[in-house]
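Worksheet: one structure, shown below.
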Amino acid sequence: MNLPPGASVLSVHVAPLGAAPARTLNPDTPHLAASTMKVAVLAALHRSGRDLDTPVPVDNSFASATYGPRFAVVRERDDDPAPWQALGTERTLRWLSERMIVHSSNLATNLCLAHVGLDAVAEVWRLARARHSATRRGIDDLGAQAAGIVNVVTAADLARLLRRLQPELLDVLAANAHRVDLAAGLPPGTRVAFKNGWLPGVRHSGGIVYPQDAPPYSIAVCYTGPLATGHAVDDPAARLLARISAAYWARRHTLGREPPAGHTSAVRAAEG
């Protein structure tokens with residue numbers, strides 16, 4: 001997204017699982033997807049029919065979405081050292097897909113994407129009835145980025161995708177090692193199957209929350225603006241997402257029947 005200096009956009013989509021109406025704020029506004037695109041790659045890999053326990057080579061050379069020169073993942077911007085330690089060897093697609101989600105590995109993501117293909121990921125978004133989200137390139141495909149080929153997500157589409165995931169995929173998301181953003185706004189020990197993503201200027205998190213005393217609910221929050229520093233922790237935007245998560249946790253018993261004014265006040269209080 002191209003915003004004026006200092007401007008920001010916050011998108012929220014919250015709803016109990018089932019047919020209850022969602023509470024939303026700018027739900028269809030596109031944002032750069034950051035690592036939330038990894039959820040769609042995970043879903044595409046699992047529906048591909050591939051044997052996920054078959055070892056595949058771990059290398060760092062990928063075809064660009066522009067059909068130009070091959071590209072490589074930038075190691076310094078990757079949050080997971082384990083796939084890098086496996087370079088030149090083999091690992092299973094299952095192991096790579098789990099590193100992609102649990103530790104947000106960029107190298108593992110591109111390896112999974114190379115094996116499943118962009119078309120398969122597009123089909124996942126279509127099946128989720130996504131309206132504006134798309135995964136058009138791998139991570140660090142700078143040639144595609146320069147050509148304007150970007151991955152985008154909306155809060156509504158991210159929630160739709162999460163609500164379609166099979167239980168075994170939600171178990172992978174529940175193991176997410178980055179317990180910030182949505183998870184930081186929940187009581188310790190609360191089950192949440194979620195994926196976050198961050199870049200300078202972008203901070204997102206979407207997941208399914210499982211209270212013990214209320215029905216489970218989906219929540220997706222996307223933020224684009226100057227609060228997002230791009231740091232894994234100690235990011236003001238991460239704290240904003242945690243406050244929004246906490247505000248909806250406090251309303252977990254009334255989600256789906258709370259008046260819109262209550263929803264708006266929850267978001268505004270968290271922003272403040």
Side-chain angles (χ1 to χ4, degrees), residues 31-46 52 58 60 62 71-87 91-116 121 124 133 135 137-142 145 150-153 155 158 161-162 165 168-186 191-208 219-224 228-235 237-239 241-242 245:
H31 299 255
L32 293 178
S35 287
T36 61
M37 55 85 76
K38 297 171 182 177
V39 180
V41 176
L42 177 72
L45 189 64
H46 276 257
L52 302 187
V58 178
N60 187 20
F62 304 99
F71 71 97
V73 174
V74 179
R75 185 168 188 168
E76 291 73 20
R77 292 201 293 264
D78 203 341
D79 292 304
D80 183 15
W84 294 95
Q85 295 164 0
L87 276 175
R91 292 293 186 271
T92 67
L93 286 170
R94 189 181 308 278
W95 184 85
L96 290 168
S97 68
E98 290 174 356
R99 302 305 301 193
M100 169 177 70
I101 297 297
V102 177
H103 298 279
S104 206
S105 167
N106 292 343
L107 179 58
T109 299
N110 279 11
L111 288 164
C112 290
L113 184 58
H115 282 277
V116 76
V121 182
V124 163
S133 299
T135 303
R137 63 170 175 83
I139 296 171
D140 288 335
D141 186 351
L142 301 183
Q145 180 178 324
V150 296
N151 299 325
V152 294
V153 73
L158 182 56
L161 175 60
L162 289 161
L165 294 181
E168 61 267 29
L169 301 191
L170 291 170
D171 287 344
V172 177
L173 269 67
N176 187 344
H178 295 282
R179 312 305 288 185
V180 290
D181 305 311
L182 295 183
L186 302 173
R191 177 177 167 84
V192 53
F194 76 114
K195 184 72 189 79
N196 30 24
W198 54 82
L199 295 167
V202 169
R203 191 90 193 191
H204 311 322
S205 194
I208 309 291
I219 176 169
V221 185
C222 299
Y223 169 83
T224 297
T229 63
H231 297 131
V233 295
D234 297 325
D235 184 341
R239 294 193 288 273
L241 268 60
S245 178

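- Side chain of Asn151 to main chain of Ala34: no donor-acceptor pair is present (N/O by atom type, distance under 3.5 Å, no hydrogens or angles).
- The aromatic rings of Phe62 and Phe71 sit tilted relative to each other, their planes meeting at an angle between 30° and 60°.
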> How far apart are the C-alpha atoms of Arg99 and Leu107, what are their side-chain angles, what is the distance that settles it, and do they pass the side chain to side chain contact (heavy atoms under 4.5 Å, CB included) test?
Replying inline: CA-CA 9 Å; Arg99 302 305 301 193; Leu107 179 58; over 6 Å; no
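- A search for side-chain hydrogen bond (donor to acceptor under 3.5 Å, both in side chains) contacts involving Asp79 returns nothing, not counting sequence neighbours.
- We find the NZ-OG distance between Lys195 and Ser104 to be 3.0 Å, quoted to the nearest 0.5 Å.
- Under the 3.5 Å distance criterion, the side-chain polar atoms of Asn60 are left unmatched by any main-chain donor or acceptor of Leu87.
- Remark: side-chain polar atoms of Ser245 are not paired, donor with acceptor, to backbone N or O of Leu241 under 3.5 angstrom.
- Shown here for Ala183 and Val192, the closest heavy-atom pair between the two residues is CB-CG1, 4.2 Å.
- Across all non-hydrogen atoms, the minimal contact from Arg179 to Ala175 is NH1-C, 4.4 Å.
- The distance from atom CZ of Arg91 to atom CG of Leu111, rounded to the nearest 0.5 Å, is 11.5 Å.
- With rounding to the nearest 0.5 Å, the separation of CG in Leu170 from CG in Leu42 is 9.5 Å.
- Taking both residues in full, the closest heavy atoms of Val153 and Cys222 are given as CG1-SG, 4.3 Å, listed atom of the first, atom of the second, then distance.
- Once rounded to the nearest 0.5 Å, the distance linking CG of Asn110 with CD1 of Ile139 reads 5.5 Å.
- The heavy-atom pair separating Val58 from Ala86 by the smallest distance is CB-O, 3.5 Å.
- To the nearest 0.5 Å, the span separating CG on Asp234 from CZ on Arg239 amounts to 6.5 Å.
- The two residues Val121 and Ala40 come nearest to each other via the heavy atoms CG1-CB, 3.7 Å.
- Residues Ala232 and Val180 come closest through the heavy atom pair O-CG2, 3.9 Å.
- A donor-acceptor contact under 3.5 angstrom links the side chains of Trp84 and Asp78, judged on distance only.
- Looking at Val39, Val102, Leu165 one by one, the single match for side chain to side chain contact (heavy atoms under 4.5 Å, CB included) with Val172 turns out to be Val102.
- Counting only heavy atoms from C-beta outward, the side chains of Leu162 and Leu173 approach each other to under 4.5 Å.
- Contacts classified as salt bridge (charged side-chain N to carboxylate O under 4.0 Å, His left out) and involving residues 34-44 (residues at least two apart or in different chains) are not found.
- By the 4.5 Å heavy-atom criterion applied to side chains, Leu96 and Leu45 are not counted as neighbours.
- Taking CZ from Arg203 and OG1 from Thr224, the interatomic distance works out to 12.5 Å, rounded to the nearest 0.5 Å.
- Looking only at side-chain heavy atoms (C-beta outward), Leu182 and Asn196 stay at 4.5 Å or farther from each other.
- With hydrogens and angles disregarded, a donor-acceptor distance shorter than 3.5 Å links the side chain of His204 to the backbone of Tyr223.
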